[in-house]
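Each remark here refers to the structure printed beneath this line.
These numbers come from the heavy atoms of this one structure, side chains and all, not from hydrogens, waters or symmetry mates.
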Amino acid sequence: MAFKSPLDDFYFNLNELGLLKQVQSLPGFEEITDDIVPSILEENARFVEEQVAPLNVIGDREHSVWQDGIVKTPTGFKEAFKSYTESGWQALQHDPEFGGQGFPKLLAAVTSENINAANLSFALCPLLTDGCIEAITQAGSEEQKQKFIPPMLEGRWTGTMNLTEPQAGSDLALVNSKAVKQEDGSYRITGQKIFITYGEHDMSENIIHLVLARTPDAPAGVKGISLFVVPKFLVNDDGGIGPRNDVWCASVEEKLGINASPTAVLLFGDNKGEVGEGAIGYLIGEENAGLSYMFVMMNEARFNVGIQGIAVSERAYQHALAYSQERLQSNAIEGSSGPVPIFNHPDVQRMLSTMLGLIQGARSTALFAATSHDIASHHPDAAMRAQHKAMQEYLVPIVKAFSTEMSLEVTSLGVQVHGGMGFIEQTGAAQYYRDARILPIYEGTTAIQANDFIGRKTLRDGGMVAKGFIQAMRATAAELDAYAEQTSMEFLKKQFTKGIEAYESSLNTILRLGSEGKLRATFSASVPFLMLAGYVHSAWHLVRSALVSQTKTGTVYEQKINTALFYAAHLLPRAIALADTVEASELVGPLMIKVE
């Protein structure tokens, strides 16, 4: 089934919910005019629909193939990546000083969703490159910025993130790759890194690895980690490609999904290059401060993985919707002269509406977060920048964790809509389910996002950001009073108010448990609390969408009201149940499974 960019919903968020105007008013975005935005989005939609989406099934079937340290990507990937970068999409959101186009994060989030919906495996290469560019932009020296960023923006080079080792997954304190300083100021890197997305491939002439490693006298734990840039090929003074560095791809993993994306095992210092033993790397920033620099890249990646969850869900929804309109099965519940498309059956409608509500709520939350990012980085008032930075940072774990967890439900429902045919690979529904399964795992599992959400984003400021959101939600709920004579809007307010109250009561429980030092109880409730926040933030934007749609006519606006009502009836009650779980955490949180 052909993929179509959900432009109507993008435009609704940008225009009807006022996100675009907020960004257009910021210094530096004066050229992001009302006429240029549709041209950008429609050209991006055309590109991904025509050139990237058709490669999705091909990549899943062919996989990326490793042989003697070399990785060949599936048919069409290399050519599509060349077109992607030559069209300027890699450079869209980055600094014009180095060849970027300087577009806001808001529009980059839209184009990111498009490319990920079209082909999740393909999109991982530019996603990691974006993060690499951002990390070097913020922490690299001027020489490093000039040397490494322009070629990545042009697509001649790509970027990776090298954190994980066999013994060091989420616990980076266990990283033991070594970096020994040389007389010329460079370092020799030795060690093994695993799960390195696009760590080796044939789509660019060079690969820029950002690598965490320890110097010999580094302190133990995370305070002793440094960050190095280690190119696959060294770079000559004129910017050209030099000798092959001592970085070697030992293998690529066979995976459940995202099969076209090469997940590499990389050996640093195996004496397989042209520079002697030990990969040559260059320190970024200061020694022992690597983790803070890498977090720049990780936060960029975490937000984009949340976008991936929304994207693969959108693709699964479109696939299921199309199938439901074609598949004839059973009479209509009201009676009919013969089998009707399953789209007409109430439970298929329930599944499709669940998919749509989860997708649109998560999308609006992500685009709201992207707007806060733009305000935090461009607003002339320091207080406004600080406020929106706190809001954006609070929302990142929600976007990452909620959007990826909901993608498992949405893609599973996509299979269910197909019935038995969904379990058959030829229909295509299963690929989205398989591809989505990695999303709540990589770039920090859901539990890690939830721990960050509780520890850094809630307890640290006494819940001030959360309280600000709750206040804004109550103001939105009050706007529904203008439509009190409508039974549907009255119902929407009742349900939304229950959701807000669940959010607030759970927040208070978390703050109390934290202040009392009951850490096991507090953190046992972290995932339920984060998911609760995701449901209520999604509801907030769907209610805002319903309010906007009250005075408009057309199918888009009617659907927005219907989606908000369905969400309030079928999905928002989950927040109330999760609040009960949070409340009970003091009682059951400290309990542990007993083993002999």
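Side-chain contact between Y442 and I258: present, with at least one pair of heavy atoms (C-beta onward) separated by less than 4.5 Å. In this structure the side chain of K457 reaches within 4.5 angstrom of the side chain of P397, judged on heavy atoms. The shortest side-chain heavy-atom distance between T160 and I208 does not fall under the 4.5 Å cut-off. Side-chain contact between L212 and M161 is absent, with no heavy atoms from C-beta onward closer than 4.5 Å.
Residue pairs meeting the side-chain hydrogen bond (donor to acceptor under 3.5 Å, both in side chains) criterion with at least one partner in residues 516-525, sequence neighbours excluded, are R512-E516, E516-K518, K518-E586. Legend: ring pair (Phe, Tyr, Trp, His ring centres under 6.0 Å) pairs involving residues 376-415, not counting sequence neighbours, sorted by first then second residue: F29-H378, Y394-F453, Y394-F469, F402-Y535. Counting only residues at least two apart or on different chains, the ring pair (Phe, Tyr, Trp, His ring centres under 6.0 Å) pairs with a member in residues 566-596 are F566-H570. Applying the salt bridge (Lys or Arg N to Asp or Glu O under 4.0 Å) definition to pairs two or more places apart or across chains, those involving residues 396-411 are E409-R574. Screening residues 14-26 for salt bridge (Lys or Arg N to Asp or Glu O under 4.0 Å), with sequence neighbours left out, gives E16-K552. For residues 390-399, every residue pair satisfying the salt bridge (Lys or Arg N to Asp or Glu O under 4.0 Å) rule, not counting sequence neighbours, is listed here: K389-E393. Screening residues 463-480 for salt bridge (Lys or Arg N to Asp or Glu O under 4.0 Å), with sequence neighbours left out, gives R474-E504.
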Problem - Evaluation steps, side-chain contact (heavy atoms from CB on, under 4.5 Å), between K223 and N288 - result: CA-CA 6 Å; K223 294 182 179 179; N288 304 325; over 6 Å; no
Exercise for the section: Could you walk me through whether S313 and M406 pass side-chain contact (heavy atoms from CB on, under 4.5 Å), step by step? Expected result: CA-CA 8 Å; S313 298; M406 75 87 184; 3.7 Å; yes
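For K255 and T263, the side-chain atoms include at least one donor-acceptor pair closer than 3.5 Å. In summary, the side chains of E286 and Y293 do not present any donor paired with an acceptor at a separation below 3.5 Å, with no hydrogens or angles considered. In summary, the side chains of S177 and E165 do present a donor paired with an acceptor at a separation below 3.5 Å, with no hydrogens or angles considered. In this structure, a donor-acceptor pair under 3.5 Å is present between the side chains of E583 and T509.
Taking CG from L480 and CE from M489, the interatomic distance works out to 7.0 Å, rounded to the nearest 0.5 Å.
With sequence neighbours left out, the side-chain hydrogen bond (donor to acceptor under 3.5 Å, both in side chains) criterion links E113 to R363. Partners of L519 according to the side-chain contact (heavy atoms from CB on, under 4.5 Å) rule, which considers only residues two or more places apart in sequence or in another chain, are F523. Qualifying side-chain contact (heavy atoms from CB on, under 4.5 Å) partners for P380, counting only residues two or more places apart in sequence or in other chains: P27. In this structure Q471 satisfies the side-chain contact (heavy atoms from CB on, under 4.5 Å) test with no other residue, sequence neighbours excluded. Partners of A320 under the side-chain contact (heavy atoms from CB on, under 4.5 Å) rule, at least two apart in sequence or in another chain, are L352, M355, V417, H418.
More than 12 non-hydrogen atoms from other residues, nucleotides or ligands lie less than 6.0 angstrom from CD of Q167.
Ring centers of W540 and F496: at least 6.0 Å apart, outside the cut-off.
A donor-acceptor contact shorter than 3.5 Å is absent between the side chain of R214 and the backbone of N176. In this structure a side-chain-to-backbone donor-acceptor pair under 3.5 Å is missing from T563 to K560. Counting only distance, with no hydrogens or angles, the side chain of S112 and the backbone of A109 share no donor-acceptor pair below 3.5 Å. Listed for the T445 side chain is no donor-acceptor partner under 3.5 Å among the backbone atoms of I441. For N116 (side chain) and A123 (main-chain N/O), no donor-acceptor pair under 3.5 Å exists by modelled atom type.
Cation-pi check for K193 over F268 is not met; the charged atom does not lie both under 6.0 angstrom from the ring centroid and within 45 degrees of its normal.
Note: F529 and Y503 have tilted aromatic rings, judged against thresholds of 30 and 60 degrees for the angle between ring planes.
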